[in-house]
Undergrad: 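Quick one: the structure is below, and I'll ask about it shortly.
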Amino acid sequence: AQSVAQPEDQVNVAEGNPLTVKCTYSVSGNPYLFWYVQYPNRGLQFLLKYITGDNLVKGSYGFEAEFNKSQTSFHLKKPSALVSDSALYFCAVSPRVGAGTALIFGKGTTLSVSS
Amino acid sequence: DVKVTQSSRYLVKRTGEKVFLECVQDMDHENMFWYRQDPGLGLRLIYFSYDVKMKEKGDIPEGYSVSREKKERFSLILESASTNQTSMYLCASSPLSRDRGSPLHFGNGTRLTVT
């Protein structure tokens, strides 16, 4: 079965420090991987995606993610965290080809950045 | 920018009521989705649609139905609301694409409480 796992419920980091939010995946075939962010009382916003090519993907708000095929991971990173980055982050995988393109989401990781 | 609008932000209904959650998107997207979001469970797919009058069950369709009479509108129906359907409901849309790389665009969610 296709799935993603986010092993940490919460990540705490001080402002200005680098942050990493972890994601591992299990898919058959080539993985299509996504990161989304959710601010309080809002829907999810797309951050970035990996389909093919360069293993380091750059996205919105200074975030990037590193795809590692051997470790089946797609960790979200940012070199210098901001307090405004505090939010709920979801990793997702697209398992279906063709119509639909529904995503399977991880359980989410709460990122808390302290000043 | 794509706009996905969910008609209600907060809704309180009684057990046994028939509940309609409405979603409209303004970007002529073929695909539309309904997810529910619960703490510790992430997002789970209820139903999706890839064309007018077409629908497919997601992972947790029991107790729900959907309607897509027009391309821009996708309705989620709770035939007889129960307390275990208290949740945040998220609608999303995406364009039809030949691969799985199109990100989903989400509405701000409807928080439904069933008493």
Side-chain angles (χ1 to χ4, degrees), chain A residues 1-10 21 23 25 27-53 57 59-60 63 65 67 87-110, chain B residues 1-6 8-10 23 25 29-52 54-61 66 68 74 88-111:
Chain A
Q2 323 256 10
S3 65
V4 291
Q6 295 180 241
E8 302 156 317
D9 291 336
Q10 177 137 358
V21 183
C23 172
Y25 65 89
V27 300
S28 55
N30 295 325
Y32 283 46
L33 297 159
F34 301 78
W35 275 103
Y36 285 80
V37 60
Q38 185 180 35
Y39 298 102
N41 299 313
R42 301 294 299 274
L44 276 68
Q45 297 178 30
F46 169 73
L47 278 179
L48 50 81
K49 67 180 180 183
Y50 172 83
I51 296 176
T52 187
V57 179
S60 306
F63 284 93
F67 172 70
L88 183 57
Y89 291 80
F90 289 97
C91 183
V93 63
S94 178
R96 295 181 175 88
V97 177
T101 64
L103 298 183
I104 295 175
F105 287 86
K107 294 183 179 180
T109 299
T110 298
Chain B
D1 270 356
V2 176
K3 192 163 186 183
V4 179
T5 303
Q6 295 183 232
S8 303
R9 291 299 305 274
Y10 300 95
C23 175
Q25 50 94 3
H29 284 171
E30 286 78 9
N31 302 320
M32 296 190 75
F33 311 84
W34 277 106
Y35 288 87
R36 64 176 281 176
Q37 180 181 6
D38 300 288
L41 297 178
L43 276 72
R44 293 178 291 167
L45 181 66
I46 305 171
Y47 268 96
F48 68 95
S49 168
Y50 53 88
D51 201 354
V52 175
M54 305 301 289
K55 61 185 179 185
E56 284 199 32
K57 293 180 180 179
D59 300 316
I60 52 165
V66 289
R68 192 156 181 212
F74 192 36
M88 170 71 91
Y89 290 87
L90 293 168
C91 176
S93 72
S94 71
L96 184 68
S97 67
R98 296 182 184 276
D99 63 26
R100 296 169 284 157
S102 296
L104 271 60
H105 300 267
F106 283 85
N108 283 332
T110 295
R111 188 168 294 280

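Side chains included, hydrogens not; waters and symmetry mates left out as well; all remaining heavy atoms used. Here is the naming used below: chain letters follow the sequence lines, and residue numbers restart at 1 for every chain.
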Undergrad: Run the numbers on B:R44 and A:I104 for side chain to side chain contact (heavy atoms under 4.5 Å, CB included), then give the verdict.
TA: CA-CA 8 Å; B:R44 293 178 291 167; A:I104 295 175; over 6 Å; no
Undergrad: Heavy-atom distance under 4.5 Å to chain A: side chain of B:L43, backbone, both or neither?
TA: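 Both parts, heavy atoms under 4.5 Å.
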Undergrad: Measure distances from B:Y10 to the heavy atoms of chain A and classify the residue's part below 4.5 Å as side chain, backbone, both or neither.
TA: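 Only the side chain of B:Y10 comes within 4.5 Å of chain A.
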Undergrad: Working to the nearest 0.5 angstrom, can you tell me the gap between B:F106 CZ and A:Q38 CD?
TA: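 The CZ atom of B:F106 sits 9.0 Å away from the CD atom of A:Q38.
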Undergrad: Identify, with sequence neighbours excluded, every residue that meets side-chain contact (heavy atoms from CB on, under 4.5 Å) alongside B:D51.
TA: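 For B:D51, the residues satisfying side-chain contact (heavy atoms from CB on, under 4.5 Å) (neighbours in sequence not counted) are B:M54.
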Undergrad: Measure the CE-CG distance between B:M88 and A:N41 for me, rounded to the nearest 0.5 Å.
TA: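 Answer rounded to 0.5 Å: 6.0 Å.
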Undergrad: Can you measure from CG (A:L103) to CG (B:L104) and round to the nearest 0.5 angstrom?
TA: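 One finds 4.5 Å between CG of A:L103 and CG of B:L104.
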Undergrad: Of the non-hydrogen atoms in B:L45 and A:A102, which two are nearest, and what is the gap between them?
TA: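 Where B:L45 meets A:A102 most closely, the heavy atoms are CD2-CB, 3.5 Å.
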Undergrad: Determine the minimum heavy-atom distance between A:K49 and B:P103, stating which atoms define it.
TA: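 So the minimum-distance heavy-atom pair works out to NZ-CD, 4.1 Å.
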Undergrad: Give, as side chain, backbone, both or neither, the part of B:R9 having an atom under 4.5 angstrom from any heavy atom of chain A.
TA: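 Only the side chain of B:R9 comes within 4.5 Å of chain A.
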Undergrad: By a 4.5 Å heavy-atom criterion (distance strictly below it), what part of A:Y50 contacts chain B: side chain, backbone, both, or neither?
TA: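 No part of A:Y50 comes within 4.5 Å of chain B.
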Undergrad: Contact part of A:L33 toward chain B, heavy-atom cut-off under 4.5 Å: side chain, backbone, both or neither?
TA: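 Answer is neither: A:L33 stays 4.5 Å or more from chain B.
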Undergrad: Go through the structure and list residues passing side-chain contact (heavy atoms from CB on, under 4.5 Å) with A:P7, not counting sequence neighbours.
TA: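 With sequence neighbours excluded, A:P7 shows a side-chain contact (heavy atoms from CB on, under 4.5 Å) to A:K22, given in chain and number order.
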Undergrad: B:Q6 versus chain A, heavy atoms under 4.5 Å apart: side chain, backbone, both or neither?
TA: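 Contact with chain A is absent: no heavy atom of B:Q6 under 4.5 Å.
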Undergrad: Would you call B:Y35 and A:F105 a side-chain contact if the rule is heavy atoms closer than 4.5 Å?
TA: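 Yes, their side chains come closer than 4.5 Å.
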